[in-house]
Amino acid sequence: MDSDCNGNPMAICLGINGKIEPINEVIEQHQVSEAETSHKQPFVIGVAGGTASGKTTVCDMIIAQLRDQRVVLINQDSFYRILSDEQLRQVHDYNFDHPHAFDTEQLLCCMEKLQHGQAVDLPNYDFKSHKNYTLPARRVNPADVIILEGILVLHDPHVRELMNMKIFVDTDADLRLARRIRRDTVERGRDVRSVLDQYSKFVKPAFDDFILPSKKHADIIIPRGGDNHVAIDLILQHILTKLGQHNLCKIYPNVYVIHSTFQIRGMHTLIRDVKTTKHDFVFYADRLIRLVVEHGLGHLPFTEKQVTTPIGCIYTGVDFCKKLCGVSIIRSGESMENALRACCKGIKIGKLLIHRDGDNGWQLIYEKLPTDISARHVLLLDPVLATGNSAIKAINLLLHKGVPESHIIFLNLISAPEGIHAVCKKFPRLKIVTSEIDVALSKEFQVIPGMGGFGDRYFGTVETNNHNP
Ligand SMILES: Nc1nc2c(ncn2[C@@H]2O[C@H](COP(=O)(O)OP(=O)(O)OP(=O)(O)O)[C@@H](O)[C@H]2O)c(=O)[nH]1
Ligand SMILES: O=P(O)(O)OC[C@H]1O[C@H](OP(=O)(O)OP(=O)(O)O)[C@H](O)[C@@H]1O
């Protein structure tokens with residue numbers, strides 16, 4: 001029987017994958033997203049490259065500069081398979097560079113545990129004895145950043161799927177061989193001849209067959225490894241941005257949460273407070289909507305434009321995207337129309353009425369859209385994304401009308417993780433701009449903590465303010 005990463009027997013160990021699920025299985029999405037969002041997901045970086053390319057140096061530099069974050073380094077070497085006595089006797093004929101030399105299932109299992117907030121004990125591989133059980137195991141605790149380093153970490157698709165950032169360290173082959181000879185003779189107790197034999201028999205062929213082809217999966221290729229300070233600085237900036245983001249923005253790069261400030265938190269505090277009067281609710285909801293609309297407009301394409309200033313100087317700027325329109329989902333979405341009109345003078349705004357039809361899903365009751373909508377970028381307006389069912393219905397209609405998915409920007413005030421999963425899995429190319437992502441959906445599909453029935457509070461259709469939708 002297989003064993004898990006702590007040596008305990010186990011039946012099966014699978015990696016996480018981004019399988020697309022049917023959109024109407026609301027309850028199942030619910031479970032998936034709760035698991036994915038209740039625990040803070042670590043940012044996983046894969047660092048691959050040929051032998052002695054400088055992977056360790058790159059990792060050390062990243063770790064040194066992420067000192068305020070909890071970072072762990074996992075070496076693929078820890079997952080070398082245990083050699084049988086026969087293999088040990090014939091160790092010069094053993095191919096340590098082939099993907100089969102690694103126990104990838106065990107690696108996946110350890111990664112999955114770390115991603116779920118559990119500590120793991122990793123074998124410490126001894127390059128001199130070719131064994132991974134002579135040295136004491138290394139306890140690795142869950143962290144904000146996991147760096148997975150090794151010659152073949154970009155080879156296996158299941159391992160790649162775990163990664164938020166894939167790096168390939170690309171160093172000249174001559175330099176790598178020179179380093180390898182020095183390292184293996186000095187640190188790993190080998191003679192030059194055996195190093196060269198191993199290199200020509202296994203290391204180079206495996207590089208050509210498995211490592212180099214995995215380079216195409218990298219997001220970033222670093223020439224010259226650790227000497228490339230500019231590349232490492234850029235990588236660090238990206239990691240720090242991602243660490244500051246909501247988990248779902250790491251999973252779905254097309255989800256944007258407007259930058260939170262105390263002003264924005266203050267406005268949210270007011271619109272979420274059951275005691276807030278209708279007048280104040282409208283005032284602060286309008287302020288937030290305006291911010292979301294401005295942010296959303298920032299995702300439209302632009303063209304460069306030069307103008308002459310009153311003192312005769314040239315200013316090089318940009319021209320706004322011309323072909324756009326709004327589409328509001330009646331009725332709450334209509335609350336966002338004024339903000340859009342205030343930002344885009346004379347913009348056309350279409351409308352959709354979508355209604356829950358018993359347990360059978362959502363039904364389109366009414367639509368009025370610009371006739372040339374397929375040629376426009378569409379700002380879809382609805383302040384609340386709960387299950388995502390009404391948004392999906394609306395987006396499907398827009399696609400049916402010929403609007404390209406990448407031309408749709410869905411603007412809302414609050415999103416439930418369940419709605420984000422549902423919309424993003426089905427439409428990975430549209431953008432969602434929101435001001436806050438809430439914790440979850442209740443069994444009754446209310447956003448938690450939410451702000452109650454937005455439409456009722458905004459349009460004043462309930463007597464009291466302690467109503468839930
Ligand atoms: N001879 C021998 N080679 C081994 C053994 N175990 C691993 N290797 C070699 O170790 C190499 C993997 O280590 P590298 O990627 O070179 O090491 P690294 O320190 O992470 O490399 P950089 O940080 O990029 O310099 C593979 O090319 C294997 O050929 C062993 O037991 N015997
Ligand atoms: O993501 P979903 O689960 O589809 O839920 C979101 C929908 O619910 C709210 O509308 P509501 O039904 O309260 O109607 P209203 O806008 O008329 O108040 C909201 O404005 C969305 O349209």
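Ligands are counted one by one from 1 in listed order, and the atoms in each one are counted from 1 as well.
The S53 neighbourhood of ligand 1 comprises atoms 22 (P), 24 (O), 25 (O), with distances under 4.0 Å to a heavy atom of that residue. In the vicinity of D97, heavy-atom distances shorter than 4.0 Å reach the ligand 1 atoms 26 (C), 27 (O), 28 (C), 29 (O).
The aromatic rings of H155 and F210 stand perpendicular to each other, their planes meeting at an angle above 60°, with 30° marking the opposite boundary. The aromatic rings of H377 and H407 sit parallel to each other, their planes meeting at less than 30°, with 60° as the upper class boundary. Note on ring orientation: taking the six-membered ring where Trp is involved, the planes of Y458 and F454 are parallel (angle under 30°, cut-offs 30° and 60°).
A donor-acceptor distance shorter than 3.5 angstrom exists from the side chain of R81 to the backbone of H100, with no hydrogens or angles considered.
An N or O contact shorter than 3.5 Å is missing between T57 and ligand 1 by distance. Residue S332 has at least one N or O atom closer than 3.5 Å to an N or O atom of ligand 2. Polar contact with ligand 2: absent for V384 (N/O pair, distance under 3.5 Å). At under 3.5 Å, a nitrogen or oxygen of G388, whether backbone or side chain, sits near a nitrogen or oxygen of ligand 2.
A donor and an acceptor atom, one from each side chain of S415 and N412, are located under 3.5 Å apart.
Checked options Y199, Y80, F202; the residue passing with F96 is Y80 (criterion: ring-ring contact (aromatic ring centres under 6.0 Å, His included)).
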* Show your working on salt bridge (charged side-chain N to carboxylate O under 4.0 Å, His left out) between R138 and D121 and close with a plain yes or no. => CA-CA 5 Å; R138 181 170 67 106; D121 290 323; over 6 Å; no
* Where do R89 and E86 land on the salt bridge (charged side-chain N to carboxylate O under 4.0 Å, His left out) test, with the steps shown first? -> CA-CA 5 Å; R89 271 193 294 280; E86 179 57 24; 3.1 Å; yes
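Selection from Q198, R188, E187, R190 by nearest heavy atom to atom 13 (O) of ligand 1 gives R188. One option in F202, F96, Y80 has a heavy atom closer to atom 12 (C) of ligand 1 than any other, and that option is Y80. One option in G333, S335, S390 has a heavy atom closer to atom 7 (C) of ligand 2 than any other, and that option is S390.
Note that CD of Q87 is 11.0 Å distant from CG of N95, once rounded to the nearest 0.5 Å.
Here T387 has heavy atoms under 4.0 Å from ligand 2 in both its backbone and its side chain. In I151, the part holding a heavy atom less than 4.0 Å from any atom of ligand 1 is the side chain.
Heavy-atom distances between R176 and ligand 1 stay at or above 4.0 Å for every pair. Not close to ligand 1: H92, with no non-hydrogen atom less than 4.0 angstrom away.
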